[in-house]
Amino acid sequence: MKDLIGIKELSRQNIEEILNTAKAFKEVLSRDIKKVPTLRGKTAINLFFEPSTRTRTSFELAEKRLSLDVLNFSISTSSVVKGETLYDTLKTIEAYNVDYIVIRHSSSGAAKFVAEHTPASVINAGDGTNEHPTQALLDAFSILEVKGRLDGLKIAIVGDIIHSRVARSNLYLLSKFDTDIRFVGPPTLLPEDAPDNVKIFYDLKKGIKDADVVMLLRIQLERQKGAFIPSLKEYFHVWGLKKEAFSYLKNDVIIMHPGPMNRGVEISTEVADSSRSIILRQVTNGIATRMAVIYLLTPKEA
Ligand code: CP
């Protein structure tokens with residue numbers, strides 16, 4: 001494949017190949033010398049039109065571990081602020097003969113647009129509310145590491161699902177395995193047209209009490225047009241995951257969050273920092289997973 005735009009277009013076999021490759025890279029990353037010469041002489045550019053902490057830094061580290069030359073494109077100091085279009089920005093970058101373009105953009109479809117207009121391999125690092133494929137892949141990798149399988153698991157995704165590209169990519173990925181997927185949250189934040197394989201819960205306890213995995217999402221205020229919840233304080237009161245939940249959750253449940261998390265809104269500090277939380281493991285696994293994706297893509301000859 002030339003590009004990774006979404007999980008939707010991947011088969012279960014594609015996903016397993018990426019996860020197996022990520023496992024091999026994670027072993028490399030545990031060595032003293034963490035760098036491999038695999039992509040020496042090739043160039044990657046990270047084009048982030050939206051803020052990011054985890055995705056941008058882990059892509060940069062993944063690229064450097066693969067010996068790529070790396071350019072980081074800062075929108076705020078670029079000619080985008082003077083009105084340069086995405087197309088002209090792309091053509092300018094392409095003139096440098098880059099091999100990989102990692103793009104995050106507020107518009108759903110931006111990554112696909114870029115992929116269709118460049119011979120470079122394009123990796124979607126999040127486009128609007130559409131997809132965030134490498135997040136779903138690193139989430140699956142993290143679940144596999146802890147649980148040893150994806151098949152047979154009950155996975156509850158809790159919170160602002162309609163505005164979440166992470167939830168969408170996770171739904172596509174988990175649906176390719178034999179999983180029991182639940183969407184849990186207030187009706188205003190859950191899709192009206194959820195696929196048939198998803199169970200809907202408007203009650204937190206009922207939705208998560210027998211789950212093997214609880215994935216929390218932040219309230220994405222930047223994408224909400226209108227009032228979806230009365231207030232963040234009330235959201236925490238009703239939907240926030242607090243330590244009291246450990247009295248009814250499974251003993252071996254794992255708590256996940258793609259970040260950035262808002263403590264005191266969707267998660268309490270006690271839960272975020274508990275032994276059941278694998279949130280920092282997810283961050284760590286972003287590097288090996290993104291190395292695998294870059295390694296497995298093949299740019300077209302320009
Ligand atoms: N999970 C995620 O996309 O985090 P960042 O926005 O910090 O990259």
Side-chain angles (χ1 to χ4, degrees), residues 4-8 18-19 22 44-65 70-76 100-111 114 122-143 145 155 157-174 189 213-224 241 254-263 265-267 271-273 277-294:
L4 176 62
I5 305 304
I7 297 293
K8 195 175 187 179
I18 295 168
L19 299 178
I45 184 160
N46 301 314
L47 275 182
F48 277 67
F49 289 80
E50 275 191 333
S52 167
T53 299
R54 284 145 285 268
T55 312
R56 210 206 62 72
T57 51
S58 65
F59 262 114
E60 183 173 348
L61 261 178
E63 291 152 359
K64 288 181 171 168
R65 300 291 188 234
V70 180
L71 292 169
N72 286 305
F73 183 88
S74 166
I75 302 308
S76 60
Y100 299 90
I101 298 174
V102 176
I103 179 166
R104 169 171 287 192
H105 202 283
S106 57
S107 296
S108 301
V114 169
V122 175
I123 303 171
N124 183 4
D127 64 326
T129 55
N130 181 37
E131 282 225 42
H132 191 351
T134 57
Q135 180 69 45
L137 288 163
L138 75 89
D139 289 345
F141 184 82
S142 303
I143 296 170
E145 262 192 345
I155 299 169
I157 306 179
V158 183
D160 187 0
I161 288 164
I162 49 171
H163 299 103
S164 175
R165 55 197 178 203
V166 173
R168 190 182 285 255
S169 288
N170 267 303
L171 170 66
Y172 290 141
L173 191 151
L174 295 169
L189 295 179
V213 177
V214 177
M215 280 187 188
L216 300 169
L217 300 171
R218 83 186 161 87
I219 301 291
Q220 290 145 89
L221 293 172
E222 76 277 21
R223 298 201 183 95
Q224 295 186 5
L241 193 65
I254 55 173
I255 312 294
M256 303 177 72
H257 195 307
M261 64 181 151
N262 286 309
R263 295 170 187 252
V265 178
E266 68 274 11
I267 190 166
V271 173
D273 299 340
S277 162
I278 64 160
I279 295 169
L280 291 178
R281 182 191 285 260
Q282 289 172 264
V283 176
T284 302
N285 287 338
I287 305 170
T289 308
R290 290 174 171 128
M291 285 173 80
V293 168
I294 297 165

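These numbers were taken from a predicted model, which means no experiment stands behind them. Values below: all heavy atoms of this structure, side chains included; hydrogens, waters and symmetry mates excluded. Every number for a ligand or one of its atoms is a count from 1 in the order of the listing. When a residue number appears, it is its place in the shown sequence, counting from 1.
Interatomic distance, OG1 of T289 versus CD of Q282, reported as 10.5 Å (0.5 Å rounding).
Contact atoms of ligand 1 toward G259: 1 (N), 2 (C), 4 (O) (distance under 4.0 Å to a heavy atom of the residue). Distances below 4.0 Å separate heavy atoms of T55 from the following atoms of ligand 1: 2 (C), 3 (O), 4 (O), 5 (P), 8 (O). Taking a cut-off of under 4.0 Å to the non-hydrogen atoms of T53, the atoms of ligand 1 that pass are 5 (P), 7 (O), 8 (O). Those atoms of ligand 1 with a heavy atom of Q135 less than 4.0 angstrom away are 1 (N), 2 (C).
With atom 3 (O) of ligand 1 as the reference point, the heavy atom nearest to it among M261, R104, R54 is part of R104.
With hydrogens and angles left out, the side-chain atoms of Q135 and N170 include no donor and acceptor closer than 3.5 Å. Side chain to side chain, R104 and H132 meet the donor-acceptor criterion of an N or O pair below 3.5 Å.
The two residues I7 and E131 have their closest heavy-atom pair at N-OE1, 2.8 Å.
Taking distance alone, with nitrogen or oxygen atoms compared against 3.5 Å, P258 approaches ligand 1 more closely than that limit.
D273 has a carboxylate O that lies under 4.0 Å from a charged side-chain N of R263, or vice versa, which qualifies the two as a salt bridge.
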